[in-house]
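Only heavy atoms go into these numbers, but all of them, side chains included; no hydrogens, no water, no symmetry mates. Naming: A, B, ... by sequence-line order, numbering from 1 per chain.
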2 protein chains.
Amino acid sequence: MNIGEIARRAGVSRSTVSYALSGKRTVSEATRRRILDVIEELDYRPNANARALKEGRTRTIGLVIPPASRRLTDMQLDFVASVVDAAARADLDVLLSPSGGDHDRSFERVVTGRRVDGVILMEIRLEDARVARLQQAGLPFVGIGRTSRPDDMWWVDVDYAALMAKCVHHLADLGHRDIALVNRSAELVAAGYGPGHRALAGFTQGVRERGLTGVDYCCADDTAAGEACLNQILREHPEVTAVATINEAALPGIQHALENAGLSVPTDFSVTGVAAPHWAENFRPQLTAADVPALEMGARAVELLAECIADPSAAAQHLLLTPPISLRGSTGPARR
Amino acid sequence: MNIGEIARRAGVSRSTVSYALSGKRTVSEATRRRILDVIEELDYRPNANARALKEGRTRTIGLVIPPASRRLTDMQLDFVASVVDAAARADLDVLLSPSGGDHDRSFERVVTGRRVDGVILMEIRLEDARVARLQQAGLPFVGIGRTSRPDDMWWVDVDYAALMAKCVHHLADLGHRDIALVNRSAELVAAGYGPGHRALAGFTQGVRERGLTGVDYCCADDTAAGEACLNQILREHPEVTAVATINEAALPGIQHALENAGLSVPTDFSVTGVAAPHWAENFRPQLTAADVPALEMGARAVELLAECIADPSAAAQHLLLTPPISLRGSTGPARR
DNA sequence: CTGGATCATCGAACCGATTCGTCAACGATA
DNA sequence: TATCGTTGACGAATCGGTTCGATGATCCAG
């Protein structure tokens with residue numbers, strides 16, 4: 001069931017079959033009809049590998065996700081889902097590669113095997129060896145996040161610094177003087193994970209601008225860690241009346257810790273931050289937070305990648321998103 | 001930077017380079033050394049498409065996931081992650097295809113494009129057109145779940161019927177007489193989603209065996225629906241003292257509804273069911289539930305698929321998992 | 001009636017690997 | 001020295017498509 005078989009049954013040459021399918025040259029209506037009938041009858045589809053080999057492109061994009069050993073955040077999950085969906089709409093296939101910062105085999109296969117036309121790279125660090133590797137290989141890619149030298153690469157990112165600063169200002173407006181940041185895990189931050197660093201920078205800047213006192217804590221991405229982290233904050237800094245966080249997965253734990261401490265939100269304690277809508281709405285009361293637009297990011301990343309593939313020499317494009325903070329019920333005036 | 005380039009620089013023929021890499025024929029140590037040096041210097045990797053074309057296999061598996069429009073459950077996410085990980089360990093790439101029950105283009109590409117050696121098919125329905133399509137195309141595949149005629153296909157599944165029956169017996173043992181089932185969404189059940197049907201069957205059987213009274217409700221996969229569903233149960237059947245569920249995503253909503261109704265778990269009301277450990281542990285008190293072994297399922301599905309690809313004519317293998325119910329704090333004696 | 005343009009089709013080269021058949025060189029054996 | 005077996009390398013065919021150049025048929029204008 002290859003193109004030769006079709007050609008034989010239709011009594012034409014292989015090239016005619018190819019032209020009948022692609023339309024790149026005219027084929028008489030009669031033979032076209034005959035060829036399509038045979039194709040229909042045999043349920044023939046061109047071999048994608050052969051086509052990719054000759055055409056030099058695969059109509060496939062690579063999606064490099066964090067290693068599966070670490071559970072994906074909901075935001076990342078939304079992002080993956082939207083990338084896959086956007087790619088499907090553009091008739092692109094998606095090849096998944098679970099890779100951390102190291103050069104593992106899966107990542108190397110994707111980069112060097114000419115299996116993909118381009119790559120979307122998730123969870124980029126400030127210094128990321130994978131970026132250099134992709135640039136060296138000359139493979140078009142779009143980063144979700146940016147390195148410390150972001151100008152010469154394509155990326156889509158959320159402006160965590162600005163968002164966190166906004167959160168701090170919001171808390172300051174409500175009269176809070178002592179606040180805490182619940183960041184992502186210490187390992188991630190130590191590895192140079194951009195959002196972690198930029199959120200801290202924004203937090204620090206906001207605190208300074210408003211003359212507040214701020215403390216920051218790293219916290220692993222799960223409920224238990226969130227609970228432990230907030231307990232630690234309450235113990236070590238009982239003066240703190242509000243926390244801001246970019247750690248979605250810690251939110252349930254934060255909630256538990258506050259309940260256990262007998263603190264009610266928002267009368268005794270305020271909580272805000274950056275989270276996927278799903279988490280913000282599951283918090284009780286619903287979280288005042290910037291909703292990370294993961295779904296939009298995925299679609300835009302695919303669009304950008306398509307442009308980058310079409311013209312790799314074009315100037316790098318960037319997209320820095322600053323979603324508004326949705327006021328819900330989890331922040332209120334500082335207690336006194 | 002193809003194999004010809006390497007051959008030229010090393011002063012040998014292309015076939016010699018190929019044999020030096022594959023080891024399928026002997027190559028003298030001297031030339032091998034020379035070839036590998038050139039490869040190293042030029043950072044050459046064989047073109048995966050050309051290799052796949054010639055060899056007739058792609059070293060890639062397809063993973064057909066539910067469409068992204070519907071948020072994946074945590075269990076599904078764990079499953080995807082473990083499949084991707086297991087595949088990476090076996091040096092297989094994973095091609096993602098978001099497909100519902102219909103034949104969409106993405107699914108058709110995966111099935112007919114010869115881009116994958118085999119497929120893992122998630123969220124199988126009792127009558128699933130995709131299964132027939134794969135069988136017709138002769139593409140090896142492993143189902144996560146089974147159709148109503150499961151004997152002639154390979155699959156891995158969780159015995160939801162047995163698990164739900166166990167839950168019912170557990171509740172009966174605690175003295176509950178009126179219980180409710182919170183199932184997955186009405187659309188999913190109507191579409192013939194296996195776990196939904198089998199859970200209901202197990203629930204009904206358990207209720208009958210113990211002479212209880214049981215009501216069952218469908219519930220969309222989110223917090224709001226879970227809350228609404230439990231409110232409805234409390235309103236329409238105030239005699240109910242316990243619910244069992246296979247709807248993880250409804251658990252937070254169930255919790256909210258119980259809190260709002262002033263019912264405390266487990267003294268006033270019991271909750272149990274089947275959920276990924278993550279959800280079970282986030283419930284308060286922690287959920288007495290069967291932990292769906294999603295991580296194990298993923299790894300086993302990849303193993304099975306590898307066997308199925310190696311020998312497609314072999315007898316179909318099945319794996320029906322019945323994880324034990326972990327007793328945590330969310331079930332207790334019926335109130336009186 | 002002839003020359004040139006247009007249309008439809010064919011044949012062959014090519015993409016980048018793998019693999020089979022062949023063969024030269026060499027050493028060992030008779 | 002003639003023969004045989006082994007080793008190491010080469011050349012060509014092949015996988016299944018796409019695409020370029022060429023060719024024959026048809027048509028219209030001059």
Side-chain angles (χ1 to χ4, degrees), chain A residues 1-36 38-39 42-60 93 109 111-117 137-139, chain B residues 1-39 42-60 91 93 109 111-117 137-139:
Chain A
M1 31 186 146
N2 55 19
I3 201 172
E5 178 74 16
I6 305 296
R8 197 168 331 113
R9 299 222 193 188
V12 297
S13 73
R14 301 191 305 153
S15 51
T16 304
V17 176
S18 179
Y19 286 126
L21 280 171
S22 70
K24 295 193 177 172
R25 280 193 188 178
T26 57
V27 171
S28 75
E29 185 52 33
T31 47
R32 212 177 65 85
R33 192 65 266 153
R34 195 150 29 95
I35 290 170
L36 293 184
V38 175
I39 287 178
L42 269 65
D43 194 26
Y44 162 80
R45 296 284 182 289
N47 180 311
N49 283 304
R51 186 200 298 247
L53 176 57
K54 177 60 181 166
E55 287 190 334
R57 62 180 180 143
T58 59
R59 301 164 191 273
T60 303
D93 287 324
R109 274 203 306 278
V111 174
T112 60
R114 260 82 129 245
R115 296 173 69 77
V116 299
D117 298 333
L139 192 62
Chain B
M1 33 187 146
N2 54 21
I3 199 173
E5 179 72 18
I6 306 296
R8 196 167 333 110
R9 300 222 194 188
V12 298
S13 73
R14 300 190 308 154
S15 50
T16 303
V17 175
S18 179
Y19 287 125
L21 279 171
S22 70
K24 295 193 179 173
R25 280 196 188 176
T26 55
V27 171
S28 74
E29 185 52 32
T31 48
R32 213 176 65 85
R33 193 62 266 153
R34 196 149 29 95
I35 291 170
L36 293 183
D37 284 349
V38 174
I39 286 178
L42 268 64
D43 194 24
Y44 161 81
R45 296 284 181 290
N47 180 311
N49 283 304
R51 184 200 300 246
L53 176 57
K54 177 61 179 154
E55 288 191 332
R57 63 178 179 146
T58 59
R59 302 164 190 274
T60 303
D91 276 337
D93 286 325
R109 273 204 307 278
V111 174
T112 61
R114 261 81 129 247
R115 294 171 72 73
V116 299
D117 298 332
L139 193 62

Looking at [X], does any N or O in its side chain come under 4.0 Å of the phosphate oxygens OP1/OP2 on [N]?
{"X": "K24(A)", "N": "dT18(D)", "value": "no"}
{"X": "Y19(A)", "N": "dC20(D)", "value": "no"}
{"X": "K54(B)", "N": "dT19(C)", "value": "no"}
{"X": "S13(B)", "N": "dC10(D)", "value": "yes"}

Whether [X] side chain and [Y] backbone form a donor-acceptor pair below 3.5 Å:
{"X": "T16(A)", "Y": "V12(A)", "answer": "no"}
{"X": "N49(B)", "Y": "R114(A)", "answer": "yes"}
{"X": "R9(B)", "Y": "V38(B)", "answer": "no"}
{"X": "D117(A)", "Y": "R59(A)", "answer": "yes"}

Exercise. For L53(B) and for E29(B), locate the closest nucleotide of DNA chain D by heavy-atom distance; then report the residue assigned to the nucleotide nearer the 5' terminus.
Key: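 Comparing both residues, the 5'-ward one is E29(B).
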From the options [options], select the nucleotide whose nearest atom is closest to the side chain of [X].
{"X": "E55(B)", "options": "dT18(D), dT18(C), dC10(C)", "value": "dT18(C)"}
{"X": "N2(B)", "options": "dG16(C), dA8(C), dT19(C)", "value": "dG16(C)"}
{"X": "N47(A)", "options": "dT9(C), dG17(D), dG16(C)", "value": "dG17(D)"}
{"X": "T26(B)", "options": "dC15(D), dT18(D), dG8(D)", "value": "dG8(D)"}
{"X": "S28(B)", "options": "dT9(C), dA9(D), dA17(C)", "value": "dA9(D)"}

[atom1] of [X] versus [atom2] of [N]: gap in Å, rounded?
{"X": "R32(B)", "N": "dA9(D)", "atom1": "CZ", "atom2": "C1'", "result": "16 Å"}
{"X": "M1(B)", "N": "dC15(C)", "atom1": "CE", "atom2": "P", "result": "14 Å"}
{"X": "R57(B)", "N": "dG16(D)", "atom1": "CZ", "atom2": "P", "result": "16 Å"}
{"X": "R115(B)", "N": "dC15(D)", "atom1": "CZ", "atom2": "P", "result": "21 Å"}
{"X": "I35(B)", "N": "dT18(C)", "atom1": "CD1", "atom2": "C1'", "result": "15 Å"}
{"X": "R51(A)", "N": "dA17(C)", "atom1": "CZ", "atom2": "P", "result": "21 Å"}
{"X": "I3(B)", "N": "dC10(D)", "atom1": "CD1", "atom2": "P", "result": "12 Å"}

Exercise. Answer with yes or no whether R14(B) presents, from its side chain, a donor or acceptor under 3.5 Å of a partner atom in the base of dA17(C).
Key: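 Present.
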Quiz item: dG11(C) base to S15(A) side chain: any donor-acceptor pair below 3.5 Å?
Solution: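 Such a pair exists between side chain and base.
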Quiz item: Taking the nucleotide of DNA chain C with the closest heavy atom to each, which residue, R25(B) or Y44(B), is nearer the 5' end?
Solution: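 In this pair, the answer is Y44(B).
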Which part of the nucleic acid does [X] contact within heavy-atom distance under 4.0 Å: base, sugar-phosphate only, or nothing?
{"X": "T31(B)", "answer": "sugar-phosphate"}
{"X": "S18(B)", "answer": "base"}
{"X": "G113(B)", "answer": "nothing"}

Quiz prompt | Closest non-hydrogen atom pair, T60(A) against R115(A) | solution =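 Looks like CB-O, 3.7 Å.
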Quiz prompt | V116(B) and D93(B), any side-chain heavy atoms less than 4.5 Å apart | solution =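 The answer is no; the side chains never approach within 4.5 Å.
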